[in-house]
Amino acid sequence: MNSSSLFDITGKSAFVTGASVGIGRGYAVALAQAGADVAVVDIDDRTGEKTAAEIRQLGRRSLFIHCDVTQKEQVEAMVAKVVSEFGKLDVAVNNAGIGILGADEDYPLESWQKVINVNLTGMWLCATAACRQMIKQSPCEGKIINTASMSARIANCNASYNASKGGVVEMTRMLAAEWGRYNINVNCISPSYILSPMHASTPTQVRDRIRQLTPLGHVERPEDLYGPVVFLASKAADYVTGVDLLVDGGHTLNAWLTPLSREVPPRVSPKEEIVSLLHDMDALGIEHDEEGINFAYKPEIADAYKAAFGLK
């Protein structure tokens with residue numbers, strides 16, 4: 001087998017949860033570009049249908065499936081629909097997730113439960129449903145890929161989000177140990193701060209700080225996850241399981257109190273950083289300036305960053 005065919009997933013069938021915009025849309029597009037048929041799974045019907053249409057324009061089969069990942073019956077119906085449309089399930093990408101800001105000393109119990117329910121329980125429901133389907137198939141094998149976060153390794157958000165993502169990493173390791181006997185690989189990807197619509201409210205000063213504290217010098221984009229997700233979905237990763245693949249541009253390596261220096265320009269310019277962000281905001285119908293910023297979209301995020309940076 002030559003090296004190029006190792007990453008070819010033509011003929012594979014996949015689903016991606018939380019796939020309407022942002023990281024999930026990036027995963028779905030990357031898998032389709034590598035040859036897979038991809039089901040777009042989300043609770044946002046309008047943008048989900050748009051993403052599925054984009055994938056069909058790439059020459060792959062795609063459909064949108066409305067699914068709340070916290071509901072076991074909906075998850076099982078989603079997997080059944082994928083198999084009904086594509087005939088099998090080879091790759092399950094469990095990406096749906098949320099974050100709710102707030103200081104932990106005053107954090108509402110219902111917010112804690114919602115974050116854990118979506119980010120951890122929902123991911124477990126999707127992973128187990130995918131596993132059961134893969135076991136039924138011949139040959140018995142598959143690739144399950146979960147989205148964790150660098151927040152599983154650093155204290156940068158709040159207890160609900162960081163605990164949920166830390167849980168994803170350990171859940172991934174345990175499922176990998178359990179399901180290797182079925183030739184099912186289970187891995188996770190941990191991104192950094194990424195320019196999805198969730199970060200449309202981050203001030204330019206925050207993006208500048210991220211660039212300054214990231215060795216590779218630019219804010220992460222969904223496109224930066226194309227290679228990692230295709231690798232983990234392909235034969236190239238057949239002997240890789242239980243791994244938390246950190247894709248953060250080196251951000252978590254930096255322990256200095258001053259910004260890092262650069263000798264050459266980063267590979268990605270600020271204008272190139274926001275290509276997918278602008279696409280997603282337009283798809284969602286969110287107004288934005290030329291830098292893809294709208295403080296009114298997620299005002300709680302904007303307020304938190306402004307307070308932390310002393311901005312008005």
| said: For the residue pair Asn185 / Thr241, report whether a side-chain donor-acceptor contact shorter than 3.5 Å exists. | reply: no
| message | Taking Leu109's backbone N and O only, do any of them form a donor-acceptor pair with Lys114's side chain (distance below 3.5 Å, no angle check)? | response | no
| request: Evaluate the side-chain proximity of Asp42 to Phe64: yes if any heavy-atom separation is below 4.5 Å, no if none is. | output: yes
| said: Quick check: closest heavy atoms across Pro266 and Leu216, and the distance to 0.1 Å? | reply: CB-O, 3.5 Å
| query | Within the side chain of Glu220, is there an N or O that forms a donor-acceptor pair under 3.5 Å with the backbone of Ser192? | reply | yes
| field | Leu101-Ile116 co-clustered via ILVMFWY side chain contacts under 4.5 Å | value | no
| query | What do the steps show when you test Val247 against Leu245 for side chain to side chain contact (heavy atoms under 4.5 Å, CB included), and what is the final call? | reply | CA-CA 6 Å; Val247 187; Leu245 181 54; 4.0 Å; yes
| Hey, does Gln33 have a side-chain heavy atom less than 4.5 Å from the side chain of Leu58? | yes
| salt_bridge(Lys81, Glu85) N-O dist < 4.0 Å | yes
| field | Heavy-atom donor-acceptor pair, Lys143 side chain to Val186 backbone, under 3.5 Å | value | no
| task | Only counting residues at least two apart or in another chain, list the ones meeting side-chain contact (heavy atoms from CB on, under 4.5 Å) with Glu223. | result | Arg221, Tyr226, Val275, Ser276
Which pairs of donor and acceptor atoms, one on a side chain in residues 120-132, lie under 3.5 Å apart (sequence neighbours left out)?
{"unit_1": "Thr128", "atom_1": "OG1", "unit_2": "Trp124", "atom_2": "O", "d": "2.9"}
{"unit_1": "Thr128", "atom_1": "OG1", "unit_2": "Leu125", "atom_2": "O", "d": "3.1"}
{"unit_1": "Arg132", "atom_1": "NH2", "unit_2": "Glu76", "atom_2": "OE2", "d": "3.4"}

| query | Taking side chain as C-beta onward, heavy atoms only, is Ser149 less than 4.5 Å from Tyr161? | reply | yes
| request: Decide if atom CD of Glu263 counts as having more than 12 heavy atoms of other residues, nucleotides or ligands within a radius under 6.0 Å. | output: no
| task | In sequence, state the C-alpha distance, the side-chain angles, and the governing distance for Ser13 and Asp37, and then conclude on side chain to side chain donor-acceptor pair (under 3.5 Å). | result | CA-CA 5 Å; Ser13 164; Asp37 299 320; over 6 Å; no
| query | Mind checking whether Val229 and Val40 sit in one hydrophobic cluster, side chains of I, L, V, M, F, W, Y counted as touching below 4.5 Å? | reply | yes
| Going by the side chain to side chain donor-acceptor pair (under 3.5 Å) test, which pairs reach into residues 283-303, not counting sequence neighbours? | Asp282-His288
| query | Is it true that atom NZ of Lys88 has more than 12 heavy atoms of other residues, nucleotides or ligands lying nearer than 6.0 Å? | reply | yes
| Shared ILVMFWY cluster between Leu277 and Val219, side chains joined below 4.5 angstrom? | yes
| query | After noting the C-alpha distance and the side-chain angles of Gln137 and Leu89, does the key distance pass the side chain to side chain contact (heavy atoms under 4.5 Å, CB included) rule? | reply | CA-CA 8 Å; Gln137 298 174 171; Leu89 175 64; 3.9 Å; yes
| said: Does this structure show an ion pair linking Arg46 with Asp44, if we count only N-O contacts that are shorter than 4.0 Å? | reply: no
| query | Looking at Glu141 and Ile184, what are the two nearest heavy atoms and their distance? | reply | C-CG1, 4.1 Å
| task | Give the cluster check for Val240 versus Leu31: same hydrophobic cluster or not, with ILVMFWY residues linked at side-chain heavy-atom distances below 4.5 Å. | result | yes
| task | Apply side chain to side chain contact (heavy atoms under 4.5 Å, CB included) to Leu311 and Tyr305, showing your working. | result | CA-CA 8 Å; Leu311 305 174; Tyr305 277 126; over 6 Å; no
| Rounded distance [0.5 Å steps], CG in Asp45 versus OG in Ser20 | 8.0 Å
| message | With a 3.5 Å distance limit and no angle check, can you tell me whether Thr51 reaches the backbone of Thr47 through a side-chain donor-acceptor pair? | response | yes
| query | Just by distance, do the side chain of Ser62 and the backbone of Val38 share a donor-acceptor pair under 3.5 Å? | reply | yes
| Cation over ring face, Lys306 and Phe295, 6.0 Å, 45° | yes
| Does Leu175 reach the side chain of Ile144, with side-chain heavy atoms less than 4.5 Å apart? | no
| said: For Tyr193, give me all partners under ring-ring contact (aromatic ring centres under 6.0 Å, His included), at least two apart in sequence or on another chain. | reply: His251
| Exam field: side chain Asn119 to backbone Ser164, donor-acceptor pair closer than 3.5 Å | no
| said: Pairing donors with acceptors under 3.5 angstrom, does anything connect the side chains of Asp104 and Asn158? | reply: no
| query | Between Ala236 and Phe7, what is the shortest heavy-atom contact and its length? | reply | CB-CE2, 3.4 Å
| said: Under 4.5 Å side-chain heavy-atom separation, chaining through any Ile, Leu, Val, Met, Phe, Trp or Tyr, what else clusters with Tyr239? Say none if it is isolated. | reply: none
| message | Give me each pair satisfying side chain to side chain donor-acceptor pair (under 3.5 Å) with a member in residues 199-208, each pair once, sequence neighbours excluded. | response | Asp208-Arg211
| said: Counting C-beta onward and ignoring hydrogens, is there a side-chain heavy-atom pair between Pro197 and Val21 closer than 4.5 Å? | reply: yes
| Trace of the side chain to side chain contact (heavy atoms under 4.5 Å, CB included) decision for Cys67 with Thr17 | CA-CA 8 Å; Cys67 177; Thr17 67; over 6 Å; no
| message | Between Arg60 and Gly35 (side chain of the first, backbone of the second, donor and acceptor by atom type, cut-off under 3.5 Å), is there such a pair? | response | yes
| message | If you compare all heavy atoms of Met134 against all heavy atoms of Gly142, which two are closest, and at what distance to 0.1 Å? | response | SD-CA, 3.6 Å
| message | Before you tell me yes or no, could you show the steps for Glu272 and Arg267 under salt bridge (Lys or Arg N to Asp or Glu O under 4.0 Å), namely the whole-Å CA-CA distance, both residues' side-chain angles and the distance that decides it to 0.1 Å? | response | CA-CA 9 Å; Glu272 291 170 322; Arg267 294 187 180 98; over 6 Å; no
| said: Does Lys12, at its NZ atom, have more than 12 non-hydrogen atoms belonging to other residues, nucleotides or ligands within less than 6.0 Å? | reply: no
| Hey, is the main chain of Val168 close enough, under 3.5 Å, to the side chain of Thr172 for a donor-acceptor pair? | yes
| request: State whether Asp244 and Arg173 are salt-bridged, where the test is any N-O pair (Lys NZ or Arg NE/NH1/NH2 against Asp/Glu carboxylate O) under 4.0 Å. | output: no
| Would a 4.5 Å heavy-atom cut-off, applied to side chains only, mark Asp224 and His218 as touching? | yes
| field | hydrophobic_cluster_shared for Val91 and Val16, side chain cutoff 4.5 Å | value | yes
| Side chain Tyr107, main chain Ile100, donor-acceptor under 3.5 Å | yes
| said: Taking CD1 in Ile154 as the centre, count heavy atoms belonging to other residues, nucleotides or ligands within less than 6.0 Å. Is the count above 12? | reply: yes
| task | In plain terms, say whether Asp8 and Lys235 are close enough for a salt bridge, that is, a side-chain N and a carboxylate O under 4.0 Å apart. | result | no
| task | Specify the closest pair of heavy atoms between Ile23 and Pro191, including all atoms of both residues, with the distance to one decimal. | result | CD1-CG, 4.1 Å
| query | Yes or no on side chain to side chain donor-acceptor pair (under 3.5 Å) for His279 and Glu54, after CA distance, side-chain angles and deciding distance? | reply | CA-CA 12 Å; His279 169 282; Glu54 286 183 39; 2.7 Å; yes
| query | Sub-3.5 Å donor-acceptor pair from the side chain of Asn162 to the main-chain atoms of Ser151, do we have one? | reply | yes
| request: Would you name the heavy atoms of Ala28 and Ile55 that are closest together and state the gap between them? | output: CB-CD1, 3.7 Å
